[in-house]
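Working notes for the structure below.
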Protein chains: 2
Amino acid sequence: MRILVIGCGAAGATAAQFARKTNRAADVVLLSRESYGEYSKCGLPYALSGVVADFDSLIEYPPAWFRRFGIELRPGTDVTGIDPVGRSVQMASSSDGGEQQMDYDSLIVATGARSKVPPTPGALRGDGVLESGIFTLRTMDDARAIAEHVARASTGMIVGSGLIGMEMAEAMVENGIETYVRLRTHVLTGMIDDDIARPIEEAAESKGVHFIRRTTVSGIRREKQTEVTLRSLDNDEESRHRVDIVIISAGGEPETTLAAAAGCSVGLHGGIIVDRRCRTSVDGIYAAGDCTEYPDFVTGVSTGVGLGSVAVRQGRVAGTNAAEGDECLADGLLNSRTTELFGLEVAAVGPTRNELRQAGIEPIVGKATGSTLPDYFPGGTSITVKVLAHPEDGCILGAQIVGVEGAHQRANVFAAAVLNRMTVEQFLQMETCYAPPAAPTLDCMTLAADAARIKWKRTARPGTPASE
Amino acid sequence: MRILVIGCGAAGATAAQFARKTNRAADVVLLSRESYGEYSKCGLPYALSGVVADFDSLIEYPPAWFRRFGIELRPGTDVTGIDPVGRSVQMASSSDGGEQQMDYDSLIVATGARSKVPPTPGALRGDGVLESGIFTLRTMDDARAIAEHVARASTGMIVGSGLIGMEMAEAMVENGIETYVRLRTHVLTGMIDDDIARPIEEAAESKGVHFIRRTTVSGIRREKQTEVTLRSLDNDEESRHRVDIVIISAGGEPETTLAAAAGCSVGLHGGIIVDRRCRTSVDGIYAAGDCTEYPDFVTGVSTGVGLGSVAVRQGRVAGTNAAEGDECLADGLLNSRTTELFGLEVAAVGPTRNELRQAGIEPIVGKATGSTLPDYFPGGTSITVKVLAHPEDGCILGAQIVGVEGAHQRANVFAAAVLNRMTVEQFLQMETCYAPPAAPTLDCMTLAADAARIKWKRTARPGTPASE
């Protein structure tokens, strides 16, 4: 049996490993366009900021590792086509252009995503490549190119304020660059609501980030510096900003050309649709990672995958099943997510309030701010927890947490709550750990759930007895 | 309507507050033997160690707070009897001995526990009071007395190595006292298994604590110093140790004299039996906190309450229901618990392996040790997670975590898992937050659940398909 994996990111590398573990006799071949083996894409901003010493440190599984593990890694390989009926792929070597065909029994597509570049006059050269001085960040090579340019830059602009955009803003500040961030509404819109974003915006500003709010990019002109024209969303007025480096951080687009051509169904977000076993609509083809989409656990809406935590879980499932093992994903995506920015840790799980509204749910919101420790104990830091609950049944649909520390593990607690459809009342009843040097008797999570519960009881179900 | 609360610990003070909130018109009277208002008993070791500046800092709700909140606090009051038929209590003022009777509509017993003193020749004076130089720690006055003695002591022994015993051992070390701890098997036996205890024992020893292992106290003799005689559990040999201060830390006994005399049913552990609404077996009498017992969520075995986190949740339920509101406890005790000792954080939820065995369950154990961060990211610390799961259905029954940081919030994640009867497989599927500065793609929790799952699949259910 031969299992082919296309792509050596978190999903592909994990899939290859689990295919190998599941079927010791199979050929497992991993086709990678890059030459590094598997490295942490999420770590790239930290190599740029200098927190991680160098780019090579980000390589988690170098090519030699795959050899030792009995996986045939073929770096520098461009897959050019899939024959789903004959079960083979067509590939070309990026070094000598030599073409080759390889049969498979199971194929795992883990082609990831490419950086989105919104249509902007002046951003692209005639050949479709970004103008010099303008970058996106997705791959090791992207990051190395940025690093070279950063070393010479004294001013920079981030177009976009999502996770990578903000991590890049911090990396630029760490490099002593005067940093501007173009902002539509609030930072991290895909991750958190505006009120939870505010402390992060304030922390960023306190470290010198300049936000240019409620604007969109209307043009880019490359001379000695790069001139970015921003148009106000309020009054269409334009302003021009000359900077040495521009990072366009507008999210990713699933890379599905091969899979779509092979007949794999693609969803609303342009991702390959997979089921709980990571099967695509085409027999023998599995998919995993950023090239896929999967239903949101709460809303049921098909959602693009864009998290390493999801990629490794999908990779495991795809790799195991492709090798005739037996693994399943959870019912839907929780999108448990976190980052640290400008001294604050932020984390969330489940849809944001806007996403819930788009799905027709006006959530009940409970919010609490307090200390991570009892008031009398030294060393506590402020933390804010926001719980979003269903107005009818009181089920916890999501949560967002921001503070100096302790955000992401609290989001994990809420991940379990969302996955198990716990109500705010059940959450309130649940004992949390307490000890003076660790946590108060009622954690801020509990207080936020209680705040939501009070609203829920008052509005939706007046006079309803406590559940037994 | 009059609601009487006996006891101003975490349970009683919380009960009074929720009675007040629930029924604005009722008289809420809080009878307390002590005079401080409500203070953190769990904080006492930290006032002794100097981490918390002074004892007064531990007072969370001083008497004036209760007045402002419309609660009549009567400090220095000894309740001497309850008439459950006539619905009144008999009380005596500790200052002038004056007796008084007070009627109630609802009574909440929150009398807490008293320190257990195992029968030991020489420990008690003729009047039943501990000999000078020998202490237990439960109340503010206990702690003040210890503090006076600690100031003059250079050697000390802790008899018992539970939560308070170990916190006191650390406080003694912080005070420069040469500290001996008598140990039967391993530290924190009621909280964690031996393997999770080992790093804590090592950390304690590295800070100078001397463990005297596998011994029991056979006698105490008070001269200028205190001579403690320990008898080996292995060969009955005796050894004598002269120290300046002895802390007996052998756990608590529920203080139920009043409630039992009033006819409230008392359980196996000597605690008042309460239902989900914190009702006792006697009409009109509720109970909350360390004087109660309640079924363990996992084993169903009635279990003594001994945690502040449970006390406040019970206090809330008792206070609300006593005021004709409507609140419920969870189905059983999770005993989510944590502490920090000698630079390590330790946390657990659910029964220990021994407790599960006593309940007839031989759990499947999954264990993982790793870093809190991806390997390439600086600042990660080692953490060990142990998951205990049911051998038949794979449900998570408990977890224990030890590390430099991040233990207690992980225990909270497992609290949600236990409460929702998640299987190790569902836990593995659950997305946890990932970002290089916060957590790896697969947290140690996930790896431990996976280790348990592999064993579970191999032993109990060979060939069972993955759940869908």
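First the proteins, then the strands, lettered A, B, ... as listed; each starts at 1. Every value quoted in this text rests on a predicted model; they were computed, and no experiment measured them.
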Part of [X] within contact of chain B (heavy atom distance under 4.5 Å):
X: Leu428(A); result: both
X: Leu333(A); result: both
X: Glu167(A); result: neither
X: Arg421(A); result: neither
X: Pro378(A); result: side chain
X: Arg313(A); result: side chain

Quick check on [X] against chain A: is it the side chain, the backbone, both or neither that has a heavy atom closer than 4.5 Å?
X: Ala53(B); answer: neither
X: Asn412(B); answer: both
X: Thr446(B); answer: side chain

Please determine, among [options], the option with the most heavy-atom pairs under 4.5 Å with chain B.
options: Gly379(A), Ala417(A), Ala416(A); value: Ala416(A)
options: Ser57(A), Pro440(A), Ser336(A); value: Ser336(A)
options: Ala330(A), Ala411(A), Ala47(A), Ala10(A); value: Ala330(A)

Identify which of [options] forms the greatest number of heavy-atom pairs closer than 4.5 Å to chain A.
options: Val310(B), Val349(B), Val51(B); value: Val51(B)
options: Ala407(B), Ala347(B), Ala439(B), Ser40(B); value: Ser40(B)
options: Leu442(B), Thr339(B), Asp375(B); value: Leu442(B)
options: Val52(B), Leu419(B), Thr338(B), Val418(B); value: Thr338(B)
options: Gly406(B), Pro374(B), Gly308(B); value: Gly308(B)
options: Gly325(B), Pro45(B), Ser309(B); value: Ser309(B)

| Among Gln409(B), His408(B), Arg410(B), the one residue meeting side-chain contact (heavy atoms from CB on, under 4.5 Å) with Cys433(A) | His408(B)
| field | More than 12 heavy atoms of other groups within 6.0 Å of Ile164(A) CD1 | value | no
| request: Quick one: pull up OH in Tyr376(B) and CG in Asp56(A) and give me the separation to the nearest 0.5 Å. | output: 14.0 Å
| message | Contact between Asp450(A) and Arg316(B) at the side-chain level, heavy atoms closer than 4.5 Å - yes or no? | response | yes
| task | Return yes if some donor-acceptor pair links the side-chain N/O of Gln429(B) with the main-chain N/O of Cys328(A) below 3.5 Å, else return no. | result | yes
| Leu334(A) backbone acceptor or donor facing Glu431(B) side chain under 3.5 Å | yes
